[in-house]
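In this chain, residues are counted from 1 in sequence order.
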Amino acid sequence: MSVNILPKVEGKLTPDAPLAPLVWFKSGGSAEYLFEPKDIHDLQEFLRQLDPTVPVMALGLGSNLIVRDGGVRGVVVRLGKAFAKVTSIDAVTLNCGAGASGILVSSTARDNRISGLEFLRSIPGTVGGFVRMNGGAYGGEVKDILVDCDVVMRDGALATLSVKELHYSYRHSQLPDGAIVVGARFRGVPGAADAIQAEMDRISAAREASQPLRSKTGGSTFKNPDGHKAWQLVDEAGCRGLQIGGAQVSEKHTNFLINTGDATSAEIEALGDEVRQRVKAKSGIDLHWEIQRVGETK
């Protein structure tokens, strides 16, 4: 163990915690420590007292993530129910805990007649992940609705960062290293509840029709290169249904990798790299991972 002396916590601190059950791919190793803080103060105090050389990583719903088979060194922080509240601030703005799901945020927006947040219904993740990665789908991106966010820095300090300070680009932010998003303000525009619900239903149906939602997957695997669709490049390179071990390129949507049974994370990552090589050979285009890969190889 690299973590020798651990601060006392009010939440839950679990050594050698399996991460596979917590990620969508259902594969990968354990966290050296998994910390589920009671509240923001608990998280601040823990990070303030934790040896600054110990790595810290935030984990949301685990939808856009490959945890390698050797597990994750240091501390993985998972924000639970205390961080999953969504409340309205004014007629068009919601205050969202970082642990809140896209479904909860978009539903609360509908109940408050706030339009413009419907696309969050389609992103399998939490507010913390959306803010970190500039999550987007169906024509919307977090950069379009974010006012600002609260983060706990690696030294335990609490800071509020405006949308401009995150310097958003496609599926990327310049969030400071080690910073953990704990809350965010999203702003939409006034709308009618039935129209908002209709748009959410349309998005939900489109996802159901096109994506392998019943499979163990990690969501969109590769970023769309400028002027191209990643799925189309993968398909044209002959990778639909391609398999390595228990990992397979989805037949339904070729920008999704799936765990068909008991795939290892190494097989899933190797399949992604094989797809990238085949696309490069066929089209000359470099595909870049959208899915995060973390931890140690076995």
Side-chain angles (χ1 to χ4, degrees), residues 1-6 12-36 46 50-79 124-126 128-129 132-133 154 171 177-178 180 212 214-223 230 234 237 239 241-250 254-281 286-298:
M1 288 288 181
S2 65
V3 183
N4 296 318
I5 302 170
L6 286 162
K12 189 177 177 188
L13 189 61
T14 309
D16 197 25
L19 293 177
L22 305 181
V23 299
W24 279 38
F25 272 125
K26 303 301 177 202
S27 68
S30 297
E32 197 168 353
Y33 283 90
L34 178 68
F35 177 38
E36 297 166 278
F46 177 82
L50 185 66
D51 180 336
T53 64
V54 174
V56 173
M57 182 194 104
L59 174 66
L61 290 186
S63 55
N64 201 240
L65 189 68
I66 293 173
V67 173
R68 294 186 174 115
D69 300 307
V72 179
R73 285 182 52 248
V75 178
V76 173
V77 176
R78 190 165 184 249
L79 305 180
T126 57
R132 176 176 293 276
M133 288 195 62
R154 179 59 185 82
R171 301 295 175 268
D177 286 345
I180 295 175
R214 305 282 178 269
S215 303
K216 293 183 281 190
T217 182
S220 294
T221 306
F222 305 109
K223 298 176 183 180
V234 174
C239 296
L242 182 66
Q243 199 154 349
I244 293 180
Q248 184 182 35
V249 176
S250 170
T254 50
N255 198 26
F256 283 64
L257 304 182
I258 57 176
N259 177 354
T260 62
D262 55 0
T264 63
S265 290
E267 289 171 343
I268 297 167
E269 191 169 4
L271 178 61
D273 284 333
E274 176 64 22
V275 168
R276 292 179 69 232
Q277 288 173 19
R278 293 193 185 195
V279 167
K280 176 73 171 175
D286 283 313
L287 282 183
H288 295 286
W289 285 92
E290 182 170 324
I291 288 178
Q292 279 186 292
R293 287 105 55 234
V294 300
E296 317 279 321
T297 52
K298 213 163 185 178

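With sequence neighbours excluded, the residues that form a side chain to side chain contact (heavy atoms under 4.5 Å, CB included) with Val294 are Met57, Leu65, Val67, Val72. Residues meeting the salt bridge (charged side-chain N to carboxylate O under 4.0 Å, His left out) test with Arg78, sequence neighbours left out: Glu36. Under the salt bridge (charged side-chain N to carboxylate O under 4.0 Å, His left out) criterion, Glu274 pairs with Arg278, sequence neighbours left out. For the side-chain hydrogen bond (donor to acceptor under 3.5 Å, both in side chains) test, no residue two or more places apart in sequence or in another chain qualifies with Thr126. A search for side-chain hydrogen bond (donor to acceptor under 3.5 Å, both in side chains) contacts involving Arg171 returns Glu141, not counting sequence neighbours. By the side chain to side chain contact (heavy atoms under 4.5 Å, CB included) test, Ala58 pairs with Ile180, sequence neighbours left out. With sequence neighbours excluded, the residues satisfying side-chain hydrogen bond (donor to acceptor under 3.5 Å, both in side chains) with Asp273 are Trp289. Residues meeting the side chain to side chain contact (heavy atoms under 4.5 Å, CB included) test with Asp286, sequence neighbours left out: Lys280, His288. When the ring-ring contact (aromatic ring centres under 6.0 Å, His included) test is applied to Phe25, no partner is found at least two apart in sequence or on another chain. For Lys216, the side chain to side chain contact (heavy atoms under 4.5 Å, CB included) criterion is met by Lys26, Asn259, not counting sequence neighbours. In this view, Gln277 satisfies the side-chain hydrogen bond (donor to acceptor under 3.5 Å, both in side chains) rule with no residue, not counting sequence neighbours.
Here the closest non-hydrogen pair linking Ala247 and Ala263 is N-CB, 3.7 Å. Residue Leu287 comes nearest to Ala230 through the heavy atom pair CD2-CB, 4.2 Å, listed as atom of the first residue, atom of the second, then distance. In this structure, Ala266 and Asp69 approach most closely via the heavy-atom pair N-OD2, 2.9 Å. Val249 approaches Thr254 most closely through the heavy-atom pair CG1-O, 3.6 Å. Contact between Phe222 and Gly272 at its shortest, heavy atoms only, is CZ-O, 3.4 Å. Contact detail for Val54 and Gly74: the closest heavy-atom pair is CG1-CA, 3.8 Å.
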Discussion item. Set out, in order, the CA-CA distance, both residues' side-chain angles and the distance that settles side chain to side chain contact (heavy atoms under 4.5 Å, CB included) for Arg154 and Val56, then state yes or no.
Written reply: CA-CA 8 Å; Arg154 179 59 185 82; Val56 173; 3.5 Å; yes
Practice prompt. Dump the intermediate steps for side chain to side chain contact (heavy atoms under 4.5 Å, CB included) on Leu34 and Leu22, then the final yes or no.
Written response: CA-CA 11 Å; Leu34 178 68; Leu22 305 181; 3.9 Å; yes
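Among residues at least two apart or in separate chains, there is no ring pair (Phe, Tyr, Trp, His ring centres under 6.0 Å) pair with a member in residues 54-73.
Counting only distance, with no hydrogens or angles, the side chain of Glu267 and the backbone of Glu269 share no donor-acceptor pair below 3.5 Å. Between the side chain of Ser63 and the backbone N or O of Gly218, no donor-acceptor pair lies under 3.5 Å. Side-chain atoms of Thr217 do not come within 3.5 Å of backbone N or O of Ile258 as any donor-acceptor pair.
Atom CG of Leu6 is separated from atom CD of Glu32 by 8.5 Å, given to the nearest 0.5 angstrom. Rounding to the nearest 0.5 Å gives a distance of 9.5 Å between CG of Leu19 and CG of Asp16. In this structure, Ile291 CD1 and Trp24 CH2 are separated by 11.0 Å, a value rounded to the nearest 0.5 Å.
In this structure the side chain of Glu296 never reaches within 4.5 angstrom of the side chain of Arg68, judged on heavy atoms. The shortest side-chain heavy-atom distance between Ile268 and Ser27 falls under the 4.5 Å cut-off. Annotation: side chain of Leu242 is not in contact with side chain of Val234 (no heavy-atom distance under 4.5 Å). A heavy-atom distance below 4.5 Å is found between the side chains of Phe46 and Val75.
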